[in-house]
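Small disclaimer: the values here were computed from a predicted structure and weren't measured. By convention in this document, chain letters (A, B, ...) are assigned in the order of the sequence lines, proteins followed by strands, and residues within each chain are numbered from 1.
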There are 2 protein chains.
Amino acid sequence: MTQRRKVGNLLALAVLATVVQRPMHPYEMASVLRARGKEDDMEIKWGSLYTVVRNLTKHGFLAVVDSTREGARPERTVYRITDLGRAELVDWARELVSTPVPERPRFKAGLSVLAALAPEEAAALLRQRLDALTAANAASRAELARHSDVPRLFLVEGEYELAVREAEAAWVRALLDELDSGTFPGLAQWRHWHATGEVPVELAEIAERGSTT
Amino acid sequence: MTQRRKVGNLLALAVLATVVQRPMHPYEMASVLRARGKEDDMEIKWGSLYTVVRNLTKHGFLAVVDSTREGARPERTVYRITDLGRAELVDWARELVSTPVPERPRFKAGLSVLAALAPEEAAALLRQRLDALTAANAASRAELARHSDVPRLFLVEGEYELAVREAEAAWVRALLDELDSGTFPGLAQWRHWHATGEVPVELAEIAERGSTT
DNA sequence: GTCCGTATACTCGCCGACGAGTAATCGCAG
DNA sequence: CTGCGATTACTCGTCGGCGAGTATACGGAC
């Protein structure tokens, strides 16, 4: 494959952003990243750390400084970032900030199979989601307030997430209102499809979705 | 791993939702899914189709109906959904609708390394993103309008995506205004950090993020 | 009637992801 | 001063993901 990045795992971005500050051995990177709460910003699986570091080294983004042995501990290999690595970090940051990629949240997948559920059940589940979202948003707001002394620059990800989750909550609430009040169009058919066993010919019409999205 | 779903790939959900309508062979599933534009709802890699179908069969969610040979074409194995498969589909739909999972959009990762860029450049890149978002939203709105004859039930995913993307655009616009007008707090320090080479001791403070998020 | 482009229907093999395991050391309880 | 549970610092093996490739057949052009 002609893949975009030599090392595509976002954990690699986190590693580059950490090692750019000072040389480190992998375990220290993990500690720093964990302490900074980077796990909230990107999907991080710690089992991939050594693989990622090795691949970054293979592609010249990191270089081995030395392998010190401290006490009788297992050997610790210390890595530093290279010029190439610095360039990769900046280039990657540019891409992530400038270019929206179609995200496919799991909720979207869920909504796309909503017809598999009865409307009443769907409403109940959506209410559950709404409650969870509301709670999460309250927690985020509190967290941001706690860090009012930290420079904004380091809080923007949190502010972004909150803004988007608030929009989701509002949207769910609106949908829920339509379901509860019975103003959602086609409720009767939905109920009927679900009782009898799945949808009719409309699918043929939907089939003609295409081109721009 | 004690993993949640026997077959975790969302393509499996799409397959179940398709085969629930009538028995099919894998290639036909692909055609139907493609025609419905399911690729917009979830990440689908077609190379995984046969693996996923095999795994669904292995776990009893699908069953082989027969292997007909039509003409001299390669053998086509037709699958039907089982009761277990139907249960899995419904259970999965319930989970996806009711339970928000922390999504980690790539943009969030980008924002978390925003300090790697100079504020002026960040602003320029954000403007690029805003333009792209605006265009995508216009396209989505047009697409939804085109399908005003299709039952709402089958359009909710699209409405959701639009709502969320509009919130993102609004948030980016707001941030951009702060950067352009110079009202974003700590702009001078940001510039300074970037010129000299990375951030100072504040990290220690940020390090104390934790607990609730 | 034969050439070739396109659709059909898959197979294969590499490689990264990551959970689970391991081994050494630290520290502190008794 | 000796267990032993926790922490440190990794290694390893499996397993699925998925891009690229393959092979056959149909249909229309000339």
Side-chain angles (χ1 to χ4, degrees), chain A residues 1-15 18-19 23-35 38-39 42-59 61-62 64-79 104 109, chain B residues 1-15 18-19 23-35 38-39 42-59 61-62 64-79 104 109:
Chain A
M1 60 175 159
T2 312
Q3 70 176 11
R4 186 65 222 287
R5 302 270 161 204
K6 306 296 190 66
V7 185
N9 198 324
L10 276 180
L11 174 53
L13 179 73
V15 165
T18 306
V19 178
M24 275 181 221
H25 55 96
Y27 193 85
E28 192 183 356
M29 301 173 198
S31 312
V32 171
L33 289 173
R34 244 189 282 260
K38 268 286 182 288
E39 286 153 297
M42 52 195 70
E43 192 82 31
I44 290 183
K45 308 299 172 90
W46 298 113
S48 306
L49 177 61
Y50 289 82
T51 311
V52 160
V53 168
R54 197 179 317 119
N55 288 344
L56 284 172
T57 309
K58 187 171 73 188
H59 291 290
F61 299 134
L62 296 184
V64 174
V65 172
D66 61 352
S67 296
T68 55
R69 181 180 298 271
E70 198 166 290
R73 297 289 197 73
E75 195 168 1
R76 294 177 317 174
T77 307
V78 176
Y79 296 86
R104 288 149 230 250
Chain B
M1 60 176 157
T2 311
Q3 68 177 11
R4 185 64 222 286
R5 301 272 160 203
K6 307 296 191 69
V7 186
N9 198 324
L10 277 180
L11 174 55
L13 179 74
V15 164
T18 306
V19 178
M24 275 182 221
H25 55 96
Y27 193 85
E28 193 182 356
M29 301 172 199
S31 312
V32 171
L33 289 173
R34 245 190 282 259
K38 267 286 181 288
E39 287 153 296
M42 52 194 72
E43 193 82 29
I44 291 184
K45 307 299 172 88
W46 297 113
S48 306
L49 178 62
Y50 289 82
T51 311
V52 160
V53 168
R54 197 179 316 122
N55 289 343
L56 284 171
T57 308
K58 187 171 72 188
H59 291 289
F61 299 134
L62 296 183
V64 173
V65 171
D66 62 354
S67 296
T68 54
R69 180 180 298 271
E70 199 165 288
R73 296 289 197 73
E75 195 168 1
R76 294 177 317 174
T77 307
V78 177
Y79 296 86
R104 276 125 186 166

Nearest-Å distance, [atom1] ([X]) to [atom2] ([N])?
X       : N      : atom1 : atom2 : answer
A:Leu49 : C:dG16 : CG    : C1'   : 14 Å
B:Lys45 : C:dT11 : NZ    : P     : 21 Å
B:Met24 : C:dC10 : CE    : C1'   : 18 Å
A:Leu10 : C:dC18 : CG    : P     : 11 Å
B:Tyr50 : D:dC18 : OH    : C1'   : 14 Å
B:Arg5  : D:dG17 : CZ    : P     : 15 Å
A:Leu56 : C:dA17 : CG    : C1'   : 15 Å
B:Met29 : C:dC10 : CE    : C1'   : 13 Å

[X] to [Y] - nearest heavy-atom pair and separation:
X       : Y        : result
A:Glu43 : B:Arg104 : OE1-NH1, 3.1 Å
B:Pro23 : B:Val78  : CB-CG1, 3.9 Å
B:Val53 : B:Thr57  : O-OG1, 2.7 Å

Look at B:Asn9 and D:dG17 and indicate whether a side-chain polar atom (N or O) is within less than 4.0 Å of OP1 or OP2.
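Affirmative; the distance criterion is met.
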What nucleotide among [options] has an atom nearest to a side-chain atom of [X]?
X       : options                : result
A:Tyr27 : D:dT8, C:dC10, D:dT11  : D:dT8
A:Thr51 : C:dC18, D:dG17, D:dA9  : C:dC18
A:Asn55 : C:dG16, D:dG16, D:dG17 : C:dG16

Starting at the 5' end of DNA chain C, which residue's closest nucleotide do you reach first, B:Gly47 or B:His25?
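By nearest-heavy-atom nucleotide position, the 5'-most residue is B:His25.
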With DNA chain C as reference, determine whether A:Ile44 or B:Glu28 sits nearer its 5' end, using the nearest nucleotide of each.
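Closer to the 5' end of DNA chain C: B:Glu28.
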Is A:Ser48 reaching over with its side chain to a backbone N or O of A:Ile44, donor-acceptor style, under 3.5 angstrom?
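Flag not set: sc A:Ser48 to bb A:Ile44 has no pair under 3.5 Å.
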Verdict with reasoning, A:Trp46 to A:Leu33, per side-chain contact (heavy atoms from CB on, under 4.5 Å)
CA-CA 10 Å; A:Trp46 298 113; A:Leu33 289 173; 3.8 Å; yes
